There are 2 protein chains.
Amino acid sequence: MDLVTIAIVLGLLAVVYGFVTSRQVLGAAAGSARMQEIAAAVQEGAQAYLKRQYTTIAIVGVIVAILVAVFLGMVSAIGFVIGAILSGVAGFIGMNISVRANVRTAAAAQTGLQEGLTLAFRAGAITGMLVAGLALLAIAGFYGYLTMLAGYTVGGDDRTVVDALVALAFGASLISIFARLGGGIFTKAADVGADLVGKVEAGIPEDDPRNPAVIADNVGDNVGDCAGMAADLFETYVVTVGATMVLTALLLSGVPQLAGLMALPLLIGGSCIVTSIIGTYFVRLGKSQSIMGAMYKGFLVTAILSIPAIYIVTQLALGDMNAPIQAGDPGLVANVDPGMPLSEEGTASQVGGFTGMDLFWCSMLGLAITGLIIWITEYYTGTNFRPVRSIAKSSETGHGTNVIQGLAISMEATALPTLVIVAGIIIAYQLAGLIGIAYGATAMLALAGMVVALDAYGPVTDNAGGIAEMADMDASVREKTDALDAVGNTTKAVTKGYAIGSAGLAALVLFAAYTTDLAHFFPDLDVDFSLENPYVIVGLLLGALLPYLFGSMGMTAVGRAAGDVVKDVREQFAADSGIMAGTSKPDYARTVDLVTKAAIKEMIVPSLLPVLAPIVVYFVITLIAGPQNGFAALGALLLGVIVGGLFVALSMTAGGGAWDNAKKYIEDGNHGGKGSEAHKAAVTGDTVGDPYKDTAGPAVNPMIKITNIVALLLLAALAAG
Amino acid sequence: MDLVTIAIVLGLLAVVYGFVTSRQVLGAAAGSARMQEIAAAVQEGAQAYLKRQYTTIAIVGVIVAILVAVFLGMVSAIGFVIGAILSGVAGFIGMNISVRANVRTAAAAQTGLQEGLTLAFRAGAITGMLVAGLALLAIAGFYGYLTMLAGYTVGGDDRTVVDALVALAFGASLISIFARLGGGIFTKAADVGADLVGKVEAGIPEDDPRNPAVIADNVGDNVGDCAGMAADLFETYVVTVGATMVLTALLLSGVPQLAGLMALPLLIGGSCIVTSIIGTYFVRLGKSQSIMGAMYKGFLVTAILSIPAIYIVTQLALGDMNAPIQAGDPGLVANVDPGMPLSEEGTASQVGGFTGMDLFWCSMLGLAITGLIIWITEYYTGTNFRPVRSIAKSSETGHGTNVIQGLAISMEATALPTLVIVAGIIIAYQLAGLIGIAYGATAMLALAGMVVALDAYGPVTDNAGGIAEMADMDASVREKTDALDAVGNTTKAVTKGYAIGSAGLAALVLFAAYTTDLAHFFPDLDVDFSLENPYVIVGLLLGALLPYLFGSMGMTAVGRAAGDVVKDVREQFAADSGIMAGTSKPDYARTVDLVTKAAIKEMIVPSLLPVLAPIVVYFVITLIAGPQNGFAALGALLLGVIVGGLFVALSMTAGGGAWDNAKKYIEDGNHGGKGSEAHKAAVTGDTVGDPYKDTAGPAVNPMIKITNIVALLLLAALAAG
């Protein structure tokens, strides 16, 4: 069987897993009538959200698809549409399963903790496998069609396949920015709005179905950590695997192993789908009854099985693992022995090719980086360690000291992940140059199925707890859903650390694609990417500014959208007094639709930043100092946005998670427990952390990648024009 | 008269101004016995602080001086000592004047607002003029001695003068990190500690002289915004003017106008001392009685008079303003016509030299940048504009929303200054290449005398208010000192924006010195600073990490040092019950000495970061990938620390100022006024903003420059070894 076909089959396997498992999940008991009634409200809200969101995306998507067709041709436009649709499908199915699994998890928790855990985790795993499977199908299928059926070739002067893969990633990005930024604003606006109008104004409990914003809040949980994370990692997956293939085509066009090398990233992705599926069956409580331990068991099984799996597919693709891979043009492949001088052009000089074994070790590096980042994030956001406890302790002296300590921890939390990423870059580059870095990133992303499963588990248990509360279920059930939910907070934070770390590496690969692309399209232009060129510094500064501006806009957007929620709920309460009396049902869909609209309105300006900034910077600097400096500043902008964005995103996601769990730690009876002054201070910290970790922080990921992809598309459009 | 001698005379003029004005200030009436008693306590505290701080600096300084002598020779060691001593003298005299002017300002405010303003501003102006004057004297005197008396030459192969100027800057940096970071921890630890042990524990008022930490808090005001800012800008001044001269010597060694060009930065500094002195006499209340207006009048007069002044000295130094300045080696001078391609080496190719007129315009650009940054910072921190008002409004909905809005504003506040700096870099480079950027930075710093005056005015009025409170002076006096103090909050924020902006430009000049130095010392080493070199990316990431780690450490240090304060005051209260009864005086000096010790202990680890990071990065990367990549990563680290640090510092200083004034705005009777729920939330924001704007944020400046200077010294040491 052809290598690409194998990858397609493995991608289909993930879809089959999703289908089979979703039948299991939906077949579980859905609880009492009261529980089902509340769950139906959430499902109704989710429908309203998806309808409004996807209608908007469809309109924007059609316009962008036409632009892509005009500037880059029909094949690219098809790639764009495929990327957008499959990413959308993964999020759509994932959310639909999630809002049905929540009530079933609550029901299963009546039987036991293991039953609740299994149901919630399976629901998350459906989203996870669909993300990895559909992303792999998108690239492998489209690539297979173009090369095997449509007859396009790779490695020559025809750029159709490369452009099409970039356009595919762009399609995924479109969904990603909507799901991450729009979804992030939605989820926090609903949360804040529900509190303001319900708890503060109307004096009803936090989880009360009479308040339509409460249902919107429950929908919001799924919007952020199910659909949002799905779209985010779908994009990173497509971008990383696609960019690795693009780089291979650009840098290694002359090697005899080219066909195998083009298929290898797909095979790595495919083999890890198998190991991820196996891993899901190991998520079981041990004797210690540790839920987090069960999660780690699943992840560890996947990671360990991936080692032989990746070795096997590498050998399958390349044959001899020790045969050198050497390009016809020795100047282009970057593989430097320690201490070798670099050539003047800035690309490393070639001193003997790398081998399949080197690529295998780079993939192992990717697995190691994933493990380390997960471990570091847990240290910074788990209740057992110094960081969260220091925030909890600082809450004793008031709101101010809680926030100060939280900010300090959030800044500190950037250090170890940065060192891990830096070490990864150095080792991978030593092993196999730029291609080595690309393989490290690819292996990281290959685990996406398992990682998204951990994340998407979170909102299911969160909702399950809410339903248990609203349906007045037994306290013992609530206890179990609470235990499940607490772990969800950590896995959500952990996944975000992984997402930004992998996005950082992916962006480096994209930058490499940009520079090689540039050399390909404009061979006569002598672009100086040196730090001595002031336009490079200008680009770096402007790039680093983007995440700051973007983060600022994201954080203020939540407040404004929450105001709209308050107004709508007030109107509903005023128009129908039966709502408060409990005799008539509020219009849940209306509130959800309104928050969705508000979130979409609020995301327009910030989402234009990563689209317009590369274009404006290129044209303005070109006008002032010529195209070679325009391209230099644009390239530097891409790196600036990574350098700046990595720290903003890491600090926000880790800080937000730490604040959240510091509150939880106090609620567990430390430093005075619930209701104490320390608890009030911790609530303040949690409020600050919310837009940090759920809106601004995670949205930096897609922003970084969109900036990069727009630059690549700009390059292709300039070359075509 | 020789050009350098003229600059020395103008530097002396500033010292004379300081002497004459300090006699005026000290000759003013010092108020009632009660006022003098309190002021004496603050003076006693200041003495204790200075003694402990300067003893420590002396010990560290002697060790470093010996290291400099061993690695770089005697002349450099002397330069180091001169830089350290003169910077220390400026801070020492400034603080001594400041803690004597405070009580006299309170006394003068009894007569009228103008009298209080004049006294406080004169006191600030003494510090300002001493900073500019002594910094100018240090460079001009040392340079004059080396070239005119000791017979060293510039522009040839002898590096003595260049190394000596770098060592001079390093001496200033030593004081700067102690004053900024140690001082920043001191001032906030005293502030927080005083509140905790006095207001919270003992239940005595905020400003109560029975609490020895209250006196430490008053001392702290002067430590941060008088001595700290003085050392910071002394350093930036020396670094900028020195680096401009170093760059001139390295890049323009062949031009006939070399002697004049070496002296021109000194003359620009000298001429602006004259215009700054004139400007101080225009700080007078107009009909509107606007204090801020009076300040701006003084600044504007200085800025406008500086235009002809700089023109005159440029003509004096260069003769024909339109004669081209063209180096013997055309590859080194960077002056690019728009659209001209850059050469392969990364330095711009020469297309006809620039002229004196171009340098004049670059200086004008520096004045314009200063004005714009001041204006932008006032917008973000003044109570009349959207940002502060939005924070005040968000306080109505609680502590959390106040902090969220403040963080959003702090991030947004980085945008306009970055755009101004980027525009400045582009225009200056278009006019006269790298030298143009250096002249922009030099002109910015030339106004340091006036700007430090605005800043050092702040603690005088702050203390005056405290004394008026503690001495139970008439409410009308307190009203006037409050009005003076409110303006001080804005000028303090404004100066910090200026300090970080100028530090950013200065660091770019330092980076240029690093690269040209590298080419000079290691002409055979082909260092690749291109963004395509992964070691450059590694350097950028590690550089950008430094301000995050440094900021995190600074913020947590405050809390620990405050704990020491609380313990000491508790002990004093327990040992002598007469203190609370008011019959015996607490030991003010003991508490101040203890906070100083605690602050110095806390600053050890963070201050080692900028010293060790360049060294570690160079040696580790050299070990892995050879010296050419070690130097590339080190260079990238220098730019990374600027790119990362600029945003951290700008956001922290602007955000802190905005939170502070949002509280003030509410206290003025808006959103419920003092005591309302909104006010409580605003107090939380102010608490968060304190370490932002007074500890971590401003300390990023010296950190950036120390990293750069250590890299230059490492280079020189490697070349010598």
Side-chain angles (χ1 to χ4, degrees), chain A residues 336 338-342 344 346-347 394 397 399-401 403-405 407-408 411-412 414-415 418 421-422 425-426 429 508 515 526 528-534 536-538 540-542 544-545 548-549 551-552 555-556 559 624-626 628 635-636 639-640 643-644 647 651 684 687-688 691, chain B residues 196 336 338-342 344 346-347 394 399-401 403-405 407-408 411-412 414-415 418 421-422 425-426 429 508 515 526 528-534 536-538 540-542 544-545 548-549 551-552 555-556 559 624-626 628 635-636 639-640 643-644 647 651 684 687-688 691:
Chain A
V336 190
M340 284 299 299
L342 294 171
E344 282 176 47
T347 53
S394 71
T397 39
H399 302 260
T401 44
V403 174
I404 291 173
Q405 186 64 25
L407 287 171
M411 294 177 82
E412 185 195 311
T414 61
T418 305
I421 290 171
V422 160
I425 292 173
I426 292 176
Y429 189 73
L508 289 185
T515 54
D526 191 7
D528 175 22
F529 283 117
S530 165
L531 296 177
E532 292 162 285
N533 180 356
V536 166
I537 295 174
V538 163
L540 284 173
L541 285 172
L542 293 177
L545 171 60
Y548 272 81
L549 254 187
S552 167
M555 285 173 75
T556 48
I624 295 172
Q628 76 284 17
L639 268 189
V643 170
F647 294 98
S651 63
T684 294
T687 310
V688 174
Chain B
L196 284 179
V336 190
M340 283 299 299
L342 294 172
E344 283 176 46
T347 53
S394 70
H399 302 261
T401 43
V403 175
I404 291 173
Q405 186 64 25
L407 287 171
M411 295 177 81
E412 184 195 312
T414 61
T418 305
I421 290 171
V422 160
I425 292 173
I426 293 176
Y429 189 73
L508 289 185
T515 55
D526 192 6
D528 175 21
F529 283 117
S530 164
L531 296 177
E532 291 161 285
N533 181 355
V536 167
I537 294 174
V538 163
L540 284 174
L541 285 173
L542 292 176
L545 171 60
Y548 272 82
L549 254 187
S552 167
M555 284 173 74
T556 49
I624 296 173
Q628 77 285 13
L639 268 190
V643 170
F647 293 98
S651 63
T684 293
T687 310
V688 174

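Because the structure is a prediction, the values reported are computed rather than measured. Naming: A, B, ... by sequence-line order, numbering from 1 per chain.
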Inset, instruction - Flag the pair B:L540 / A:L540 as yes when at least one side-chain heavy-atom distance between them is below 4.5 Å, and no otherwise. - result: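 Contact flag for B:L540/A:L540 side chains = yes.
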Looking at [X] and [Y], what are the two nearest heavy atoms and their distance?
X: A:G551; Y: B:M411; answer: CA-CE, 4.3 Å
X: A:L541; Y: B:T418; answer: O-CG2, 4.1 Å
X: A:V688; Y: B:G400; answer: CG2-O, 3.8 Å
X: B:T556; Y: A:A408; answer: CG2-CB, 3.5 Å
X: B:I404; Y: A:T687; answer: CD1-O, 3.4 Å
X: B:L531; Y: A:A636; answer: CD1-CA, 3.6 Å

Legend entry - Working for side chain to side chain contact (heavy atoms under 4.5 Å, CB included), residues B:V422 and A:L545: CA-CA 11 Å; B:V422 160; A:L545 171 60; over 6 Å; no
Inset, instruction - Could you look at B:S651 and say if it's the side chain, the backbone, both or neither that has a heavy atom under 4.5 Å from chain A? - result: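 For B:S651, the side chain is the part near chain A, not the backbone.
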Legend entry - Interface moiety of B:E412 toward chain A, non-hydrogen atoms closer than 4.5 Å: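 For B:E412, heavy atoms of backbone and side chain both lie under 4.5 Å from chain A.
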Inset, instruction - Would you mind telling me which of B:I426, B:L508, B:V643 has the largest number of heavy-atom pairs within less than 4.5 Å of chain A? - result: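 Top count of heavy-atom pairs under 4.5 Å with chain A: B:I426.
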Legend entry - Top contributor to chain A contacts, counting heavy-atom pairs under 4.5 Å, from B:V536, B:T401, B:L196, B:L407: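 The residue among B:V536, B:T401, B:L196, B:L407 with the greatest pair count is B:L407.
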Legend entry - Evaluation steps, side chain to side chain contact (heavy atoms under 4.5 Å, CB included), between A:L549 and B:T414: CA-CA 8 Å; A:L549 254 187; B:T414 61; 6.0 Å; no
Inset, instruction - To the nearest 0.5 Å, tell me how far B:S530 OG sits from A:E532 CD. - result: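 Going from the OG atom of B:S530 to the CD atom of A:E532 covers 10.5 Å.
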